[in-house]
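This report refers to the structure that appears directly beneath it.
Just so we're on the same page: letters track the sequence lines, and every chain starts at 1.
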Protein chains: 2
Amino acid sequence: MTGRPRTFDKDAVLRMAMRAFWERGYDGVSIAQVCEEAGIAAPSLYVAFGDKDALFEKASALYAEHLDEDLERDLSAPTAREAIERLLQSSAEHFSAPGQPPGCLVMGEPRLAERRSRTRDLIRARLRRAAAEGELASAAEADGVAAFVDTVLAGMAALARDGADRARLLDATRYAARAWPA
Amino acid sequence: MTGRPRTFDKDAVLRMAMRAFWERGYDGVSIAQVCEEAGIAAPSLYVAFGDKDALFEKASALYAEHLDEDLERDLSAPTAREAIERLLQSSAEHFSAPGQPPGCLVMGEPRLAERRSRTRDLIRARLRRAAAEGELASAAEADGVAAFVDTVLAGMAALARDGADRARLLDATRYAARAWPA
DNA sequence: CCCATATTTTAGCGCACGTTAAAGAACGTG
DNA sequence: CACGTTCTTTAACGTGCGCTAAAATATGGG
């Protein structure tokens with residue numbers, strides 16, 4: 001029993017919703033706006049994705065999928081210094097990607113604090129590993145550098161949303177890289 | 001002709017509203033919430049402050065008054081390095097002040113982008129002055145450091161709102177201070 | 001004591017929100 | 001071709017929002 005076929009592209013609508021949440025945040029996006037942009041009526045959206053919370057969860061999962069891939073790739077560099085430099089630079093580029101909303105959905109959205117926390121755990125873990133391997137002086141220094149890197153990442157996302165161009169963000173990463181011992 | 005006397009403390013209500021906007025942002029605060037916390041009815045609030053936009057403007061002006069004082073005090077240090085170090089440290093302390101909401105109203109609120117822009121102008125101006133006086137190598141370096149400092153400030157505010165304690169923020173300022181030439 | 005003024009109280013306006021019930025329409029299956 | 005299933009359409013529900021008209025109340029001045 002197949003039933004009446006869907007008249008819209010579910011993935012395309014999810015990408016539209018993701019982009020809207022990325023630009024304006026959870027509270028800044030209404031169901032009616034998503035429906036109008038997608039050209040569908042509200043019940044179709046509810047059948048396809050559930051309520052607004054479920055739609056947001058699916059949209060943010062779609063967003064964070066690419067993000068986690070990048071994070072793990074960057075952090076897997078042989079040295080922590082290189083890992084962090086790659087992370088900062090690729091984040092700066094992501095936050096200022098042409099054709100995409102400036103900034104970061106995860107950094108900008110209050111209800112994604114837990115996901116931010118997990119990202120920070122990964123960064124801190126990578127730096128503690130560097131401390132254990134002797135690349136950093138101590139676990140305390142690893143945690144300090146981690147707090148600094150977390151700060152720069154969140155700050156670049158905020159600056160991007162305020163309209164900073166890519167060059168400004170890369171400036172920030174360049175100076176950030178000088179902040180801890182080589 | 002004096003008219004019926006006001007039954008509430010206007011300044012106290014404005015402070016309550018400021019705190020509410022600080023904690024939850026413009027969209028997260030409803031007029032009804034402010035009224036309930038203040039123990040007054042909506043028309044009293046409208047007579048005293050105007051509509052929600054006007055209330056927010058007065059509340060954010062009250063907030064930014066103290067902020068601008070601190071900024072000018074910090075930036076007036078004899079050297080740019082000392083000025084920036086003071087700014088970062090006092091900001092970290094402000095963002096994690098006990099008894100106050102974590103983070104920063106100005107940094108967290110989308111509609112205060114212009115005020116953030118003015119703050120960044122002051123920081124850049126101070127660093128360009130340092131370049132002109134020979135403390136920094138060039139105006140380009142001043143702008144790069146300025147972008148970095150803007151980033152760290154915004155990032156610390158974001159981390160504070162995510163629950164980072166004062167020690168973490170001060171960690172960030174400590175490493176940030178190592179980021180540009182002495 | 002009454003008036004002008006300024007605030008309070010009461011009640012409610014219009015609107016946008018998230019959500020859903022009900023009925024109609026398009027499919028594969030038997 | 002009727003049936004079950006799934007989606008679409010239409011219409012509306014309840015709630016909270018920002019805001020305000022209208023009437024009642026409390027002051028100081030004449």
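Rounded to an integer number of Å, the gap from CG of B:Asp51 to C1' of C:dG14 is 17 Å. If you measure from atom CG of B:Leu45 to atom P of C:dT7, you get 13 Å, rounded to the nearest angstrom. Nucleotide C:dG18 holds its P atom 14 Å from the CD1 atom of A:Ile40, rounded to whole Å. The CZ-P distance, from B:Phe56 to D:dG18, rounds to 13 Å in whole Å. Rounding to whole angstrom units, CZ of residue A:Phe49 and C1' of C:dG18 are separated by 17 Å. Between B:Tyr46 atom OH and D:dT20 atom C1' the separation is 9 Å, expressed in whole Å. Nucleotide C:dA16 holds its C1' atom 14 Å from the CG atom of A:Asp27, rounded to whole Å.
Classification of B:Asp121 and B:Arg118 as a salt-bridged pair fails, no side-chain N sitting under 4.0 Å from a carboxylate O. A salt bridge links B:Asp171 to B:Arg174: one of the charged nitrogens lies within less than 4.0 Å of a carboxylate oxygen. Salt bridge status for A:Arg19 with A:Glu23: present, with a side-chain N to carboxylate O gap under 4.0 Å. Between B:Glu82 and B:Arg86, at least one side-chain N (NZ, or NE/NH1/NH2) sits under 4.0 Å from a carboxylate O, which counts as a salt bridge. For B:Arg111 and B:Asp53, the salt-bridge test passes: some basic side-chain N is under 4.0 Å from an acidic carboxylate O. Of the charged side-chain nitrogens involved, at least one lies within less than 4.0 Å of a carboxylate oxygen, so that A:Arg120 and B:Asp162 count as a salt-bridged pair.
Of the side-chain N and O atoms in A:Ser44, none sit less than 4.0 angstrom from OP1 or OP2 of D:dC7.
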Practice problem: Summarise how protein sits on nucleotides 24-30 of chain D as a single string, 5' to 3': B when a protein heavy atom is under 4.0 Å from the base, S for sugar-phosphate-only contact, - for no contact. | Solution: BBBBB--

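A:Glu109 and A:Tyr63 form no side-chain donor-acceptor contact under 3.5 Å, judged by distance and modelled atom types alone. Checked by atom type, the side-chain pair B:Gln33/B:Arg24 shows a donor-acceptor distance below 3.5 Å.
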Pairs under 3.5 Å (N/O, protein and nucleotides 10-17 of chain D):
from	atom 1	to	atom 2	distance (Å)
D:dC17	OP1	B:Ser30	OG	3.4

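With B:Ser90 as the fixed residue, the side-chain hydrogen bond (donor to acceptor under 3.5 Å, both in side chains) test singles out one of B:Asp70, B:Thr173, B:Asp74: B:Asp74.
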